[in-house]
Amino acid sequence: MDRIDVAVYTVPTDAPEADGTIAWTSTTMVLVQAVSGGTAGLGWTYGAPATREVVGGELAPLLLGRSALDVPAANEAMHRSVRNAGAPGLVAGAVSAVDIALWDLKARLLGLPLVRLLGAAREQVAVYGSGGFTSYDDSMMDRQLRGWADGQGIPRVKIKVGESWGGCERRDLDRIRRAREAVGPDCELYVDANGGYTGKQAVRVAAAFADQDVRWFEEPVSSDDLPGLRAVREAVLPDVAAGEYGYDLPYLTRMAAAGAVDCLQADATRCGGITVWLRAAAVAEGLGLQLSGHCAPHVHAHAAAAAPAFRHLEWFHDHVRIENLFFDGTLDPRGGVLTPGADGRPGHGLSLVEERAVAYRVA
């Protein structure tokens, strides 16, 4: 390994956005380039700008001079080095971004699409359209959902609920009904409370939207409340999902083993990169669960195609906008599936377009 470069970009949203617990008007990407000879691999995470300091100050010196091919060894070395720095949170994001860049670099050095390096379990990866923010008015939500379902033929969509920490149940239920009307009866409808409800409230709300055929109830209560998640899971009809805030494999293993979810989520930009994400996929499979990829769809696509127990990827509005803006070679979700590696490009098949990204660079 010759060099680790890192940059921070902040991109305004195209409209104010909110979920059940927080609101935002911009999204920050921390982009890592791992360089060996004349070849560079790209990796990134979405999170705090301070992630850059962890990559440059803690991780880069550790990796220089190492073999670019021994990615699991590099991942282990990074995890050991950050124990006293406080491994969860933005530190985990830093490790994840570097790990993703290393896998991309290795595949590029070998001249292989990343899915071929990892070993494909399937050719196509299912996606669901994700947005429907609580800050949207009805017409904006309708346009977005119809754009996915009718415009791109994506047969799964998700909206945010749990507005104001569960303080707007009536509006949540109205928006769910509106979403069902927008996408019709044949599209799978998902909802995500981001942990905004209490346990009994989540069960009550699920009973109230039972006539809308909601198939997926994400984080009905806090993902740290495993007994609460399990109690909701046992009481409601939709599949309960959580795991996006898992910053390491033990967290995701505890969640899967607790019977707290029907489908485990994991985010490679948080949990330790592709190295750990694939291990989480094996944990899920071993416990009879599927795994869903959280956000950052172009990070996950190739790894998802290599995971036998994989369910689907989140085609998240914010991250799709940024990845399509910053990179050439992005994937097409028409029909509700991605086909990673089909063009034969090495690595994850993306190239950074500096002239489009530079306007958003903040560090």
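Side-chain atoms are counted along with the backbone in the values below, which use heavy atoms only and exclude waters and symmetry mates. Small disclaimer: the values here were computed from a predicted structure and weren't measured. For reference, positions follow the sequence shown, starting with 1.
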Contacts of A34 meeting side chain to side chain contact (heavy atoms under 4.5 Å, CB included) (sequence neighbours excluded), chain-then-number -> M1, I4, A101, L102, L105

Residue pairs meeting salt bridge (Lys or Arg N to Asp or Glu O under 4.0 Å), one or both in residues 351-363, sequence neighbours left out, come to D328-R356

Grouping ILVMFWY residues whenever side-chain heavy atoms fall under 4.5 Å, the cluster of V337 otherwise contains none

Please set out all donor-acceptor pairs under 3.5 angstrom arising from side-chain atoms of residues 279-286, sequence neighbours excluded.
none

Contacts of D248 meeting salt bridge (Lys or Arg N to Asp or Glu O under 4.0 Å) (sequence neighbours excluded), chain-then-number -> none

message: One thing to verify: whether E76 and R80 come together as a salt bridge, which I'm taking to mean a side-chain N less than 4.0 angstrom from a carboxylate O.
response: yes

### Message
Measuring only between side-chain heavy atoms, which start at C-beta, is I176 closer than 4.5 Å to V191?
### Response
yes

- request: Start with the C-alpha distance between E323 and H298, add both sets of side-chain angles, then the distance that settles side-chain hydrogen bond (donor to acceptor under 3.5 Å, both in side chains), and finish with yes or no.
  value: CA-CA 7 Å; E323 291 166 12; H298 290 91; 2.7 Å; yes

Members sharing Y128's hydrophobic cluster, built from side-chain contacts under 4.5 Å between Ile, Leu, Val, Met, Phe, Trp and Tyr, are Y190, W216

Practice problem: Group every Ile, Leu, Val, Met, Phe, Trp and Tyr by side-chain heavy-atom contacts under 4.5 Å, then state whether L118 and L249 land in the same group. | Solution: no

Residue pairs passing the salt bridge (Lys or Arg N to Asp or Glu O under 4.0 Å) test with at least one member in residues 121-139, sequence neighbours excluded, are D138-R178

Looking at D172 and V161, would you say the former's side chain and the latter's main chain have a donor-acceptor pair under 3.5 Å?
no

inquiry  = Under a plain distance cut-off of 3.5 Å, with no hydrogens placed, do T10 and S26 share a side-chain donor-acceptor pair?
reply    = no

Output for pair (N194 CG, E218 CD), nearest 0.5 Å, gives 7.0 Å

I would like to know whether L229 and M255 meet side chain to side chain contact (heavy atoms under 4.5 Å, CB included); could you show each step before the answer? CA-CA 9 Å; L229 275 174; M255 177 173 284; 4.2 Å; yes

Applying salt bridge (Lys or Arg N to Asp or Glu O under 4.0 Å) to D211 and not counting sequence neighbours gives none

Hits for side-chain hydrogen bond (donor to acceptor under 3.5 Å, both in side chains) against T330, two or more places apart or cross-chain, chain-then-number order -> N324

Side-chain atoms of residues 50-72: list all donor-acceptor pairs with protein atoms under 3.5 Å, sequence neighbours left out, distances to 0.1 Å.
residue : atom : partner : partner atom : Å
T51     : OG1  : A48     : O            : 2.7
R66     : NE   : L62     : O            : 3.3
S67     : OG   : L69     : N            : 3.1

Any side-chain to backbone donor/acceptor pair from S292 onto H312? Under 3.5 Å, distance only. yes

Residue pairs meeting salt bridge (Lys or Arg N to Asp or Glu O under 4.0 Å), one or both in residues 308-321, sequence neighbours left out, come to D14-R321, K158-E314, D239-R311

For V221 and T198: C-alpha separation, side-chain torsions, deciding distance, then whether side chain to side chain contact (heavy atoms under 4.5 Å, CB included) applies. CA-CA 6 Å; V221 299; T198 65; 5.7 Å; no

With sequence neighbours left out, the residues meeting side-chain hydrogen bond (donor to acceptor under 3.5 Å, both in side chains) with R215 are D213

(message) Between D174 and R171, does any side-chain N to carboxylate O distance fall below 4.0 Å?
(response) no

